[in-house]
Each structure stands twice: as C-alpha cells, then as structure tokens.
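In what follows, a single structure is set out as structure tokens and then discussed.
Order of the sequence lines sets the chain letters (A, B, ...), proteins ahead of strands, with each chain counted from 1.
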2 protein chains.
Amino acid sequence: MARPRFQQLSAEQRDAILDAALDEFSAHGFADASINRIIATAGISKGAMYYYFDSKEDLYADVLRRQVERLFRDGPIPVPDASDVDDFWRILEGHYLRLMRLLIATPQTAALLRDWLTGAASPALRKAQREAEQTTLPWLVQTVVVGQQLGAIRTDLPPAFLIAVALGMAQAMDTWLITQPLAEAELGETVHALIGMMRRALTE
Amino acid sequence: MARPRFQQLSAEQRDAILDAALDEFSAHGFADASINRIIATAGISKGAMYYYFDSKEDLYADVLRRQVERLFRDGPIPVPDASDVDDFWRILEGHYLRLMRLLIATPQTAALLRDWLTGAASPALRKAQREAEQTTLPWLVQTVVVGQQLGAIRTDLPPAFLIAVALGMAQAMDTWLITQPLAEAELGETVHALIGMMRRALTE
DNA sequence: CGATGGTTCGACCGCTGGTCTGAAAGAAGG
DNA sequence: CCTTCTTTCAGACCAGCGGTCGAACCATCG
C-alpha cells in the first residue's frame, strides 16, 4: 500500500502518477510493466516514486484497489435481499450482467482486472491479492451466507470453497467472452447460462 | 519448442539441462526463474543454451510439455467408455482422483502446473499454452463429446465453453486444496464434491 | 543568517534475458 | 597429414530492469 505521504501529495501529482501507472499496468500487465516508463510518463524521478511507494507491487496493488473500489462505487452492488430462491438468483444475475457491462465500458479496468486474476496466485502479487480481497471478499461471503439462509445455496460445504469455485467459473466465462466476438444479446445469454450453471452447482 | 538439434544431444546433457530447468521453474515460477541459474546448475554456457532453445519461454514450454505428457503416460487416462450416465461420472471421478494423487506424489510437477495455470493467460506464456493444449485438449474434447452422446453432458452449449468452465472449477478446487492441510480421506471427499458440482453444472 | 527536516533527483548497483564474435572440435576430402 | 567447412560452444557484451542512496533543494523556524 502506498505510503501515507502519498495522500498529502497534490491531486494533480497523485493523478499523474496513478494515471501513468494504470496505463502501463493495463497495457502490459504487471510482469511486463516498466517503472521507468511510468515515471517518465508521470514526469517524476525514480527517487520520488520510491519515496511514495515501497515497490512495483505496492504501486500495482494501489492502482488495482482503486479500480476495484471504483467498480463497487459505480455499480453499487448491494447484497441480494431476495424474498425467495428464484429472486436471489435473478438479482445475482442482474448484478453480474451489470458488472460485465461496466467492464466492457471501461476496458482499461477490465484489462487490469484480467491481468490480476490470471496472475493473482503468483507470490509477487500476494500484496495486491490481499488489498483487493478486502473490498470484494466481505461482499462475496455475505452474499453466500444470505443465499444459504434463503436455502438457495448448499450448506454442506464451506462458503470459502463455494466462492472459490464460483469465481473460477466466472473467470472461465470471462476469458471465454474475451476470445469470442460478442454481440450484446449473446452477453445476456452467456451470463444467463453461467448463472444457471452456478445455481445448479451451488444448490444442495 | 526446443530446436531439433536438442534431440541429438546426448541423453545426459539433455537431462542435465531439463532437470535444472525443471528445478528452477518449479521452484520460482516462470517470471522469477533465472536462465543464468539454470545454465550454472546444468553446467553449460549461455551460448549453448540459446543454441538449443529460442528463449526462456521456449525452454519453459518444453519442460512443461514433458511434464504434461508424463502425467498422461504415468496415469494412462482413457476417455470414459461408460455404459450409462452414472458410470460416466464415476469413471471421471476416478480419473480425477488418480490425477490428484499423482500430483501430490510429484510435487515438482504439481508446482510447475500450478505456475502455468495461474499465469497461462499472460501473453508471455502463449507458446507454452499452445504446446500443453496439444496434449490435453483432444482428450478433454473427446470426453465431453462422449459425455454428450451418453446424455451425461448438456448439448445446448459449445464443448469449448463447458471445458473452460470445468477447468475453472477444477483449478479453484486445486488452489483450495493447496491452502488446506489435507487428510487423505478429505481429498476423496473434496473431489467427490467437486465432481458432483461439475455434474450438476454440466447436466442439461 | 544558519539549521532542520521533508522532498526530489539521478547516478549507480546487481541482475535479467538475449545477442554476437570468435575459437574449439569434428567431419570430409584430398 | 593437412586443409576446409560446419557444428558446437564459450563468455564478453548489451539494453533495460527494479531498487538504493547520498547529495541537493527548499520551506520553515529560531
């Protein structure tokens, strides 16, 4: 996480750094991104950069966290407060579809998220993993718990395991969608199919 | 892929290089592996290494392909020739369990596979991706097709999509298993649970 | 004015993957 | 045995990487 001083920097400088970093990371991914290019674009020196961030991973984690938080802010995603099981899954599908549309509308964020998801397990990104989880995991867990209380989600397996499997399915669908030339209607269908598969898999 | 000359090298030299590379890649992953360390361990010069391999990725792809092929050789995995639907899934679960045990018995291979799976989508590993798919994809497609003919697997979605989702679920379970201190009995149970989820998700 | 302490700079470090020149080693032909 | 040609290798070298560090800058305070 960025050093506290970074918050005291002027908004223009902060944005210059974060914008340059987002450009670089979303264009090249973490591994192939270059700090030297970022500081050149941002117009700051190397010393300044490492005065505000501990490491390349630290910077990445900060940029990623901001994007994830933005996704949660732009599309306010409440935990489903459904009345019955069908409702629960319908609401979830709506949220999912909205999220996918948001990602299509902001390809830079999407690229960053994809780079993170495909490499999150690598030890170099554990910091980023932890920061991003802080935003997403509580929501995910709460959703599963609510689903379990409704009887929409099986209770014979730990929520964390169910979340892991569901995320794996979602990621698979996402990579699938990237490789496909997708029409708008197809997106809705694919999301519907995936949520249907999730529902079957996660139901007792 | 390794240059053809590599095959003409003496078995000892070949093994020295491949062993050193496997050690390095499985210990550090592709990104943090060092060609310099590999050649030092293998006792060859940099010129020799790049005389036999085009690049770091080329070497990685070759090592990975050999490990994947070994998995298919050690545990001969026939396409399920089940008589009914229950049989199909039972056989599949058996294969899956055997594969998991094989991976537990050969942690180096497991580490390499995990590194590949978590980073396969990154552009740097596309070569490795293609080589490994050549071994696994035909089997996967055939299995899905057989399952569809049996009525065990839904036919309203393209096999490639179903495979992607199933692999995503499997990978999720795998990462889940790594983080858990696992007893032998638990492995069987978890695999059973996962195959059950797959079955629900992939059934019409 | 001097001193202090938060900021910024860029030369520098060890290391990376990869290239390239030139020498050693073998093979083939005379 | 000598020459010629090709294959095999050694290692100096390159640009670029992430990261460090001492010096310089500059505002504030005494």
Specify whether Phe72(A) and Trp139(A) have parallel, tilted or perpendicular ring planes, treating 30° as the upper limit for parallel and 60° as the lower limit for perpendicular. perpendicular
Using the six-membered ring wherever Trp is involved, compare the ring planes of Phe25(A) and Phe30(A) and label them parallel, tilted or perpendicular (cut-offs 30° and 60°).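 Taking Phe30(A) first and then Phe25(A), their aromatic rings lie parallel (interplane angle under 30°).
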Angle between terminal axes - the helix from dC1(C)-dG30(D) to dG30(C)-dC1(D), 5 pairs each end, rounded to 10°: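 Taking five pairs per end, the axes differ by 30°.
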Give me each pair satisfying side-chain hydrogen bond (donor to acceptor under 3.5 Å, both in side chains) with a member in residues 23-34 of chain B, each pair once, sequence neighbours excluded.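 As it turns out, the side-chain hydrogen bond (donor to acceptor under 3.5 Å, both in side chains) pairs with a partner in residues 23-34 of chain B, which skip direct neighbours, are Asp23(B)-Gln108(B), Glu24(B)-His28(B), Glu24(B)-Arg37(B).
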Please name all residues satisfying salt bridge (Lys or Arg N to Asp or Glu O under 4.0 Å) with [X], sequence neighbours left out, ordered by chain then number.
{"X": "Glu186(A)", "result": "none"}
{"X": "Arg90(B)", "result": "Asp87(B)"}
{"X": "Arg114(B)", "result": "Asp174(B)"}

For residues 158-178 of chain A, the ring pair (Phe, Tyr, Trp, His ring centres under 6.0 Å) pairs (sequence neighbours left out) are Phe161(A)-Trp176(B), Trp176(A)-Phe161(B)
Summary of ring pair (Phe, Tyr, Trp, His ring centres under 6.0 Å) pairs that have at least one residue in residues 183-204 of chain A, sequence neighbours excluded: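 Residue pairs with at least one partner in residues 183-204 of chain A: there are none.
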Please determine whether side chain to side chain contact (heavy atoms under 4.5 Å, CB included) holds for the pair Tyr50(B) and Asp58(B), giving the CA-CA distance in whole Å, both sets of side-chain angles, and the decisive distance to 0.1 Å. CA-CA 10 Å; Tyr50(B) 280 91; Asp58(B) 192 24; over 6 Å; no
Checking salt bridge (Lys or Arg N to Asp or Glu O under 4.0 Å) against Glu69(A), which of Arg73(A), Arg65(A), Arg66(A) comes through? Arg65(A)
Nucleic acid contacts of residues 5-17 of chain B, taken as heavy-atom distances under 4.0 Å to DNA chain C: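 By residue number: none to list.
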Set of residues satisfying side-chain hydrogen bond (donor to acceptor under 3.5 Å, both in side chains) with respect to Lys127(B), sequence neighbours excluded: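 For Lys127(B) there are no side-chain hydrogen bond (donor to acceptor under 3.5 Å, both in side chains) partners, ignoring immediate neighbours.
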Going 5' to 3' along DNA chain D, between which two nucleotides do contacts with chain B fall, using a heavy-atom cut-off of 4.0 Å?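 The footprint of chain B covers dT7(D) to dG11(D).
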Between the protein and nucleotides 15-20 of chain C, list the N/O to N/O atom pairs that are separated by less than 3.5 angstrom.
from, atom 1, to, atom 2, distance (Å)
dT16(C), OP1, Ser34(B), OG, 2.9
dT16(C), OP2, Asn36(B), ND2, 2.9
dG17(C), OP1, Ala33(B), O, 2.8
dG17(C), OP1, Ile35(B), N, 3.2
dG17(C), OP1, Lys56(B), NZ, 3.3
dG17(C), OP2, Ile35(B), N, 2.9
dG17(C), N7, Lys46(B), NZ, 3.3
dG18(C), OP2, Tyr50(B), OH, 2.7
dG18(C), OP2, Lys56(B), N, 2.7
dG18(C), N7, Lys46(B), NZ, 3.1
dG18(C), O6, Lys46(B), NZ, 2.9

Does NZ or CZ of Arg5(B) lie under 6.0 Å from the centre of the six-membered ring of Tyr51(B), at an angle within 45° of the ring axis? yes
What residues form a side chain to side chain contact (heavy atoms under 4.5 Å, CB included) with Thr41(B), not counting sequence neighbours?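 Here the qualifying residues are Ala20(B).
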Would you indicate what Tyr52(A) reaches in the nucleic acid, counting non-hydrogen atoms under 4.0 angstrom: base, sugar-phosphate, or nothing? sugar-phosphate
Could you check how far CZ of Arg3(A) sits from P of dT8(C), rounded to whole Å?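 Distance check: Arg3(A) CZ to dT8(C) P gives 13 Å.
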